[in-house]
Amino acid sequence: MAAISGHCTFRSHQFPLSFTVPVASSSSFYGEALRSSSISLASPPSVHRSLISCQASSAASPPSSSVNGTAKGGMKDFLHISDFDKATIMKILDRAAEVKAQLKSGDRSFAPFKGKTMAMIFAKPSMRTRVSFETGFFLLGGHAIYLGPDDIQMGKREETRDVARVLSRYNDIIMARVFGHQDILDLAKFSSVPVINGLTDYNHPCQIMADALTIIEHIGQLEGAKVVYVGDGNNIVHSWLLLASVVPFHFVCACPKGFEPDKETVEKAQKAGISKIEITNDPKEAVKGADVVYSDVWASMGQKEEAAHRRQVFQGFQVDEALMKIAGPKAYFMHCLPAERGVEVTDGVIEAPNSIVFPQAENRMHAQNAIMLHALGL
C-alpha cells in the first residue's frame, strides 16, 4: 500500500488530504495517475489577431493570467496539451486505445463514471463536441448535462467565477466550449472540479489528442511522423504546435502570408527543441514526404463575412488530388470537420481511400474519455 498526501483547495481554504491506495506496479496507469506530481501550466501567449477554428469565433481573448492544472483533490484540469509531459500524454493516448477496444468489443462493464455528472457549457453550438462528450461519458456510466448558449450566457447573465463555483457544487467535472480563452482559464481558476477545454479561440486540445490517436492507429506511431497542415494558422495549428513542444515529430504549417499562427506559440514550440517546426507559404513544397496532410475550413463561425475574401486569398491552398499526389501515395488526409467540400478540400480527397477523416471524428470520443479519466484520477 502506498500513502498519498497532498492538499485540496476548497472555498479558498486549504486542508490536508491523506489517503491510502493500492499501487500495483510502477507501470500501473492508476498508480501513476495518483502518484503524478502537480504540473504547472504556462500561460498561453497573447493572441495578436483573430483566431478561428472548426466552428471558432472571429475574435480570441488573450489570456491575462495562468491557471495551474494541479491537484483539485487529486484531480487535474485539461486546458492545453503542453501542460503535461510526454509520458503523461502518451499514457492518456494508450488509455484511449484500451478503453476504445473495450467499447468496440461490446463490453459495457467498465463504468468508472457511474454516479458522476458532467456539466457541458456551450457558448456556441456543436455536433462532434457535444455528441462525443455526452455519449462517451454515458457509455462509461456517467450523466452529462448540456448547457447551451442561452442557458447560462456566461459572462453576461452571470459572471464566470460564479458559474464555476456553482457548477462545481453540482457536478464532478466541467467541459466548456467557449470563445475567449480567458473564459476557460477563469472557469478552471474558480472551479473546485476538473475543467476540460472543449475548444477556445486559442486552442483545441481534445481535437489534437484525437488526431494523435488516429495517427498512431494508422501509421503506428506519432513520433517521427511528418504532419503538414494546409490552411489558416488558427487554434488547430496552435494545438499542434503545443503538442510538438512535448512529443517529437515534424510539423509544417503551410498558410497564406498574413495568416500565420501566433508568433509566440511558434517560438515556444521551436525553443522546446523537441520537434522540427516549419511555417511556410508554399503548400506544394510543404506536403512532400508528408505522412499526414491536414486541412480545416478557411472561414469559420464568426468569420462568414470574410468568406469571399478568404477564398481569394487562400487560392492555391486547397487540398485537392494534385496536392495529395505531390504528398505521395502513403499520405493520409485528415480534417477536423465540418468541411466545406469544394473549398478547402475537394470531395475526391475527403472520400478517397487514404482519407481517415471519419475514424478521426470517432476518436474524439475515445480520446476525451481517456482525458476525463485522467482528469478525475481514475
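Basis for what follows: all heavy atoms, side chains included, without hydrogens, waters or symmetry-related copies. Along the sequence shown, the residues carry numbers beginning at 1. Because the structure is a prediction, the values reported are computed rather than measured.
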Is there a donor-acceptor pair under 3.5 Å between the side chain of [X] and the backbone N or O of [Y]?
X	Y	result
Gln315	Arg311	yes
Asp320	Leu323	yes
Asn171	Ile173	no
Asp77	Pro194	no
Arg364	Ser132	no
Gln360	His335	yes
Asp172	Thr117	yes
Ser275	Ile277	no
Lys116	Gly141	no
Arg108	Leu103	yes

Consider only side-chain N and O atoms of [X] and [Y], and report whether a donor and an acceptor are under 3.5 Å apart.
X	Y	answer
Lys100	Asn369	no
Thr280	Asp282	no
Asp211	Thr214	no

Next item on the list: Report yes or no: do Ile274 and Val292 belong to one cluster of Ile/Leu/Val/Met/Phe/Trp/Tyr joined by side chain heavy-atom distances under 4.5 Å?
Entry: no

Margin query: Is there a path of hydrophobic side-chain contacts, each under 4.5 Å between heavy atoms, that joins Met175 and Phe190?
Written below: no

Per the side chain to side chain contact (heavy atoms under 4.5 Å, CB included) rule, which among [options] passes with [X]?
X	options	answer
Ile81	Leu241, Ile92, Ile89	Ile89
Arg310	Val297, Asp232, Val343	Asp232
His238	Cys253, Pro205, Pro261	Pro261

For [X] versus [Y], what's the shortest heavy-atom pair and its separation?
X	Y	result
Ala96	Ala367	CB-CA, 4.0 Å
Ile174	Ala164	CD1-O, 4.2 Å
Asn354	Met324	ND2-CE, 3.6 Å
Ile236	His204	CD1-CD2, 3.8 Å

Checklist line | Presence of salt bridge, Asp94 and Lys91, under 4.0 angstrom | finding: no

Check: Using 30° and 60° as the class limits, which term best fits the ring planes of Phe84 and His374: parallel, tilted or perpendicular?
Finding: perpendicular

Quick check: are there more than 12 heavy atoms from other residues, nucleotides or ligands sitting under 6.0 Å from [atom1] of [X]?
X	atom1	answer
Tyr146	OH	yes
Arg341	CZ	yes
Phe138	CZ	no

Is the shortest side-chain heavy-atom distance between [X] and [Y] below 4.5 Å?
X	Y	value
Leu140	Met372	no
Glu264	Lys268	no
Ser295	Phe333	yes
Glu344	Asp296	no

Item checked: Trp240 ring center within less than 6.0 Å of Phe249 ring center -> yes

